[in-house]
Enquirer: 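What follows is a single structure, and I will ask about it in a moment.
Protein chains get the first letters and strands the later ones, always in sequence-line order, with residue 1 at the start of each.
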Protein chains: 2
Amino acid sequence: MTSGLPGQVLDQLGAAIVNGEYPPGAVLRTEELERAFAVSRTVAREALRVLEAMRLVTSRRRVGITVQPLAAWNLYDPLVIRWRLACEARADQLRSLSELRSATEPVAAALAARRATPEQAGELTVLAVNLRATAKARDLDAFLVHDIAFHRLVLAASGNEMFTQLGDVVGEVLTGRTHYHLMPEEPQPAAVRLHIEVAEAIAAGAPDRAEAAMRAIVTQAMEEMELGLP
Amino acid sequence: MTSGLPGQVLDQLGAAIVNGEYPPGAVLRTEELERAFAVSRTVAREALRVLEAMRLVTSRRRVGITVQPLAAWNLYDPLVIRWRLACEARADQLRSLSELRSATEPVAAALAARRATPEQAGELTVLAVNLRATAKARDLDAFLVHDIAFHRLVLAASGNEMFTQLGDVVGEVLTGRTHYHLMPEEPQPAAVRLHIEVAEAIAAGAPDRAEAAMRAIVTQAMEEMELGLP
DNA sequence: GCTCTTGAATAAGTAGTACTTTTGGGTTTC
DNA sequence: GAAACCCAAAAGTACTACTTATTCAAGAGC
């Protein structure tokens with residue numbers, strides 16, 4: 001949907017709204033947007049229709065297009081998440097996503113212990129071993145790649161499609177932590193060991209062990225993040 | 001956005017896609033939809049543009065509008081949730097939302113113990129007491145109302161706007177459990193006592209207690225649900 | 001007989017106009 | 001000061017014209 005002119009208007013206008021350039025209560029006019037983005041009425045209306053569906057704006061005849069407060073937005077919309085991560089208040093979004101992650105990944109691990117296919121369990125073990133190898137080699141870039149893949153697969157193996165979709169933001173959160181220097185300079189062996197424990201517990205079909213180990217991972221990550229964020 | 005003709009087309013077409021009336025891979029034509037819904041091209045395009053943003057469909061020139069599989073959808077979009085809850089496979093959505101809830105509410109309770117305002121803590125205590133009263137009176141309708149309000153407030157008091165938004169689906173999940181007769185015929189005193197414990201822990205600023213009590217609540221609810229769903 | 005090229009049909013994308021409807025605010029009347 | 005009225009402002013809907021992208025069928029060449 002970001003292809004085509006309506007997608008371009010959507011992206012620019014949406015990012016501007018999320019970034020506070022159009023604060024809640026601001027009233028936009030369709031004609032103004034046509035001029036500002038140099039597009040026809042059809043294109044402007046299509047972009048606005050999508051923003052309305054995302055609850056960033058509401059539209060009324062004679063009134064105009066009114067920007068809504070953050071509380072009204074579809075906060076789980078991937079585009080909204082992307083715009084929030086790209087704006088000045090990205091630390092807020094990072095914190096919220098990290099808290100969401102700390103809530104969901106332990107439960108996903110427990111569900112994965114019950115539902116993972118043998119292939120998935122095997123791949124998790126492989127990824128955990130790769131984590132250890134890249135940690136020992138102090139290859140942080142490769143470590144991050146495997147870390148992201150590991151967590152995405154745990155979410156996917158949970159068998160809950162809503163957890164699976166959260167895998168899309170794991171990369172953002174983990175990459176964001178690196179961007180803010182919220183990761184230890186080198187991965188702690190204890191943390192790597194916990195990942196291996198999660199993989200083993202899932203392979204063994206032990207939900208409680210998987211949940212506890214994953215909770216230890218995300219709790220530690222939250223503590224590290226709280227030390228570093230304002 | 002469900003107001004107006006594009007909103008009506010969106011609602012009907014979206015629900016039909018989610019219900020499997022247009023399975024993944026099916027190709028729609030804009031002109032066909034104009035005829036089927038008796039609307040102009042502008043209206044059809046606006047509705048399609050929103051469905052595209054929700055990832056239910058993709059659009060390409062010469063090809064048409066292609067329906068996407070569930071894995072591609074924005075599963076957290078309130079409209080997608082609504083359509084899923086209204087279709088034949090609503091039990092799947094209810095299960096997924098219940099699992100999501102079981103993951104998030106304990107962590108929300110812990111955060112609320114740290115962040116709730118005195119007003120929020122006070123209101124939680126009032127709601128918990130109301131729960132007890134309506135349980136004793138065996139007034140299940142009133143009990144449900146207070147139960148929903150209680151859980152929504154815990155999510156709101158967490159201070160995480162993404163948790164707060166999940167409050168919108170708490171009503172759906174709790175009401176859905178009642179619809180499927182997945183609730184005990186009368187609220188168990190032990191469950192009511194756990195709600196009071198959550199409220200007290202939040203008021204006392206005790207995150208671990210709040211989290212443990214809420215986890216007991218949602219774990220029990222999951223167990224009850226698993227006994228009743230196919 | 002297979003492969004490559006070409007051209008046309010199919011379908012969406014974009015621009016823009018005309019008309020309708022809704023709504024809010026200012027003015028007038030009581 | 002309140003109620004009624006009217007009109008301007010702005011969105012909503014329909015429609016036409018033209019452009020662009022893409023796929024597929026047919027023909028040519030080897």
Side-chain angles (χ1 to χ4, degrees), chain A residues 1-17 21-69 72-74 79, chain B residues 1-17 21-69 72-74 79:
Chain A
M1 203 293 182
T2 52
S3 69
L5 286 178
Q8 292 174 30
V9 173
L10 174 70
D11 202 39
Q12 294 176 47
L13 185 51
I17 291 173
E21 293 167 45
Y22 300 95
V27 180
L28 314 177
R29 302 284 194 276
T30 310
E31 207 170 343
E32 290 173 4
L33 299 172
E34 289 170 39
R35 284 198 292 271
F37 292 99
V39 294
S40 75
R41 189 152 178 266
T42 305
V43 167
R45 282 186 60 79
E46 289 184 6
L48 284 170
R49 194 65 68 183
V50 173
L51 287 172
E52 195 179 3
M54 290 176 168
R55 312 290 179 82
L56 268 65
V57 300
T58 60
S59 170
R60 292 184 71 182
R61 305 187 206 200
R62 168 68 180 78
V63 175
I65 317 297
T66 309
V67 177
Q68 298 298 294
W73 301 350
N74 286 359
L79 287 175
Chain B
M1 201 294 182
T2 51
S3 70
L5 285 178
Q8 292 175 30
V9 174
L10 174 71
D11 204 38
Q12 294 175 48
L13 185 51
I17 289 172
E21 292 166 46
Y22 301 96
V27 180
L28 314 176
R29 304 281 195 278
T30 309
E31 207 171 343
E32 288 172 6
L33 299 173
E34 288 169 41
R35 284 198 292 271
F37 292 99
V39 292
S40 73
R41 189 153 177 262
T42 306
V43 168
R45 283 185 60 79
E46 288 183 6
L48 283 170
R49 192 66 67 185
V50 172
L51 287 173
E52 195 179 3
M54 290 176 167
R55 313 290 180 83
L56 267 65
V57 300
T58 60
S59 170
R60 290 184 70 184
R61 306 189 204 203
R62 170 69 175 80
V63 174
I65 318 296
T66 308
V67 178
Q68 298 298 294
W73 302 351
N74 286 359
L79 286 176

Enquirer: Just the rounded figure in Å: distance from P of D:dT13 to CZ of B:F37.
Expert: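 Taking atom P of D:dT13 as the reference, CZ of B:F37 is at 15 Å.
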
Enquirer: Can you tell if the side chain of B:L13 reaches within under 4.5 Å of the side chain of B:L28, non-hydrogen atoms only?
Expert: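 Heavy-atom side-chain distance check passes, below 4.5 Å.
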
Enquirer: Reading DNA chain C 5' to 3', which nucleotide is the first, and which the last, to come under 4.0 Å of any heavy atom in chain B?
Expert: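 Boundary nucleotides touching chain B, in 5' to 3' order, are C:dA9 to C:dT14.
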
Enquirer: Could you grab the distance from atom CG of B:L48 to atom CG of B:L56, nearest 0.5 Å is fine?
Expert: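 These two atoms lie 11.0 Å from each other.
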
Enquirer: Taking the side chain as C-beta and beyond, is there a heavy-atom pair between B:L33 and B:V9 under 4.5 Å?
Expert: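 They are not in side-chain contact.
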
Enquirer: Pull out every protein N or O sitting under 3.5 Å from an N or O of nucleotides 17-22 of chain D, one pair per line with the distance.
Expert:
from   : atom 1 : to    : atom 2 : distance (Å)
D:dA17 : N6     : B:R41 : NH1    : 3.3
D:dT20 : O4'    : B:R61 : NH1    : 3.0
D:dT20 : O2     : B:R61 : NH1    : 2.8
D:dA21 : O4'    : B:R61 : NE     : 3.3
D:dT22 : O2     : B:R62 : NE     : 3.4

Enquirer: Grab the two heavy atoms, one from A:A53 and one from B:V50, that are nearest each other, plus how far apart they are.
Expert: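 In terms of heavy atoms, the two residues are closest at CB-CG1, 3.5 Å.
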
Enquirer: Can you list, pair by pair, the side-chain donor-acceptor contacts under 3.5 Å of residues 57-69 of chain B, counting residues two or more places apart and other chains?
Expert:
from  : atom 1 : to    : atom 2 : distance (Å)
B:T58 : OG1    : B:Q68 : NE2    : 3.3
B:Q68 : NE2    : B:T66 : O      : 3.4

Enquirer: Who pairs with B:A36 by side chain to side chain contact (heavy atoms under 4.5 Å, CB included), at least two apart in sequence or on another chain?
Expert: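 Partners of B:A36 by the side chain to side chain contact (heavy atoms under 4.5 Å, CB included) criterion come out as none, since no residue qualifies.
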
Enquirer: Here's a test of your reading of the structure: between A:A38 and B:G64, which maps to the more 5' nucleotide of DNA chain C?
Expert: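 By nearest-heavy-atom nucleotide position, the 5'-most residue is B:G64.
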
Enquirer: Which pair of heavy atoms, one from B:T30 and one from B:A44, lies closest together, and at what distance?
Expert: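 Where B:T30 meets B:A44 most closely, the heavy atoms are CG2-CB, 4.3 Å.
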
Enquirer: Check DNA chain D against residues 26-36 of chain A and give the residues with a non-hydrogen atom under 4.0 Å, in numerical order.
Expert: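 DNA chain D contact set from residues 26-36 of chain A: A:L28, A:R29, A:T30.
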
Enquirer: Heavy atoms under 4.0 Å, any strand shown: does B:T42 hit a base, just sugar-phosphate, or nothing?
Expert: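 Counting heavy atoms under 4.0 Å across all strands, the contact made by B:T42 includes a base.
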
Enquirer: Figure out the CD1/P separation between B:I65 and D:dT23, and round it to whole Å.
Expert: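 It is 14 Å, rounded to the nearest whole Å.
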
Enquirer: Taking only residues two or more places apart in sequence or in another chain, which ones pass side chain to side chain donor-acceptor pair (under 3.5 Å) with A:E21?
Expert: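 In terms of side chain to side chain donor-acceptor pair (under 3.5 Å), with neighbours along the sequence ignored, A:E21 is linked to A:N19.
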
Enquirer: Does anything in residues 33-45 of chain B form a side-chain hydrogen bond (donor to acceptor under 3.5 Å, both in side chains)? List the pairs, not counting sequence neighbours.
Expert: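 For residues 33-45 of chain B, and leaving out neighbouring residues, the side-chain hydrogen bond (donor to acceptor under 3.5 Å, both in side chains) pairs sorted by first residue read A:E46-B:R45.
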
Enquirer: Hey, could you give me the CG/CE distance between B:N74 and A:M54, rounded to the nearest 0.5 Å?
Expert: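 Here the rounded value is 7.5 Å.
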
